[in-house]
Number of protein chains: 2
Amino acid sequence: MSVRSLCLAILSFGDATGYEIRKESTEGRFSYFEDASFGSIYPALARLESEGLVTVREEPQAGKPARKVYSITEAGRTEFINSLCEPQAPDTFKSPFLLIALNAAQLPPEVIRRALERRKAQVQEDLRLLTDTHKDKECPHPGSGWTRDFGIACMSFTLAYLEEHGEALINIAEDAARPLAPAAE
Amino acid sequence: MSVRSLCLAILSFGDATGYEIRKESTEGRFSYFEDASFGSIYPALARLESEGLVTVREEPQAGKPARKVYSITEAGRTEFINSLCEPQAPDTFKSPFLLIALNAAQLPPEVIRRALERRKAQVQEDLRLLTDTHKDKECPHPGSGWTRDFGIACMSFTLAYLEEHGEALINIAEDAARPLAPAAE
DNA sequence: GGACACATGTAATCGGTTACATGATTAC
DNA sequence: GTAATCATGTAACCGATTACATGTGTCC
């Protein structure tokens, strides 16, 4: 999914500035689709505008540069919905944490412990973000409720698993660290 | 994580050719870390060799180009382990499926149904891959058992959730498709 | 007869990140 | 004082993909 489609997707949920789109895509709910930086978002928005898929209105502000608030047009909405009807790329999960887990026996226990804590904190943070979202008005997008519930379920499960089996992973590293004293004390 | 580190990671589990590394990274167990294409793998291996982190031996074959089998060196192993001790990038999950789910009310039910089936098939395939892996000898890498169990647990949960709540998502699309006949049949 | 798996490698291209440029306001 | 948030935009750079080039063996 390109930055272009990402902008369309976010704008289909409401007006936004480039700055806000970046935030949503790196932290907010839309981080599950793609994350992008300013250097790609601003050019993408300019292009979308020249194609008539979005419109801009400038809101001057004292001190700061004028906010450029983008709105999706009917043409933009159509293009977005049509793009969703075409076959999508498969979901992907990339996990530096699992690479550490895979090599637990070759790493110091402290590294494993830190990686585990970090991963748990990350899941907790994602979970918190999702749980807080339910204050949104749910009229225009009933799909967001389903999506949120799915995310909460999967992450709660992941967190519980890490909490229950994390110690076992640390043990692997510890057992490998002193292979000469097998089962003592 | 760069293609360079990916090659090191895969080679730390055993010798491989560029062709095999690509396969492992796009289909195999290593697809959870990074996937890469020939155009990036071959140059990366050449560079690793010039740096002394891997060695090559050529195995001539009749008809086909000679297989160039790469092995990791001690220096390569050290570099790999050290890189794992440094703070890693956070895990990411990118889901075109969830984007479709989010917009369920705006899409034809048929599209939702297809996306759900596709996602379920994908999880089943990943699950199958993971379950088949247990024939590996487990002496040198006890971490692979933990990692596999973790993957199996999360995916089984995901699959069960999709099977249980998939119908609800389709209903969202169906209800939105005929908003004038609320509950009648 | 055609598609696919095996097997390596290069060149053109491209999408996106990082760093730079600018600057007020607010919180610690 | 100094860091963070808000706010836009450009230019250099870079890693990686795509397409190309080459060729055999095997399955359907």
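In what follows, chains are A, B, ... by sequence order, proteins preceding strands, each numbered from 1.
The distance from the CZ atom of B:Arg119 to the CG atom of B:Leu162 is 7.0 Å, given to the nearest 0.5 Å.
With hydrogens and angles left out, the side-chain atoms of B:Asp15 and B:Ser71 include a donor and acceptor closer than 3.5 Å.
Judged purely by atom type and a 3.5 angstrom limit, B:Arg77 uses its side chain to pair as donor or acceptor with the backbone of B:Ser12. Counting only distance, with no hydrogens or angles, the side chain of B:Gln61 and the backbone of B:Pro65 share a donor-acceptor pair below 3.5 Å. Checked by atom type and distance alone, the side chain of B:Thr17 never pairs as donor or acceptor with a backbone atom of B:Arg67 at under 3.5 Å.
At the phosphate of D:dA16, neither OP1 nor OP2 sits under 4.0 Å from any side-chain N or O atom of B:Ser40. Side-chain N/O atoms of A:Thr17 include one lying less than 4.0 angstrom from OP1 or OP2 on D:dT8. The phosphate of C:dA24 (OP1 or OP2) has no side-chain N or O of A:Gln61 nearer than 4.0 angstrom.
The separation between B:Glu34 atom CD and D:dT17 atom P is 8 Å, rounded to whole Å. Rounding to whole angstrom units, CZ of residue B:Phe38 and P of D:dA21 are separated by 18 Å. Atom CD1 in B:Ile41 sits about 10 Å away from atom P in C:dT8, given to the nearest Å. Note: NZ (A:Lys68) to C1' (D:dA7) measures 11 Å, nearest angstrom. In this structure, the CZ atom of B:Arg4 is 11 Å from the P atom of D:dA16, given to the nearest Å. Rounded to whole Å, the distance from CZ on A:Arg67 to C1' on D:dC6 is 9 Å. For B:Asp15 and C:dA7, the CG to C1' distance is 17 Å, given to the nearest whole Å. Put simply, CG on B:Leu6 is 10 Å from P on D:dA16, counting in whole angstrom units.
Take B:Lys68 and apply the salt bridge (Lys or Arg N to Asp or Glu O under 4.0 Å) test, not counting sequence neighbours, and it matches no residue.
Across all strands shown, A:Ala46 has no heavy atoms under 4.0 Å from either base or sugar-phosphate atoms.
Within residues 18-26 of chain A, the residues that place at least one heavy atom under 4.0 Å from DNA chain D are, in residue-number order, A:Gly18, A:Tyr19, A:Lys23.
Between B:Arg128 and B:Glu125, at least one side-chain N (NZ, or NE/NH1/NH2) sits under 4.0 Å from a carboxylate O, which counts as a salt bridge.
Residues A:Ser37 and A:Pro65 each lie close to DNA chain C; by heavy-atom proximity, the contact nearer the 5' end of the strand is made by A:Ser37.
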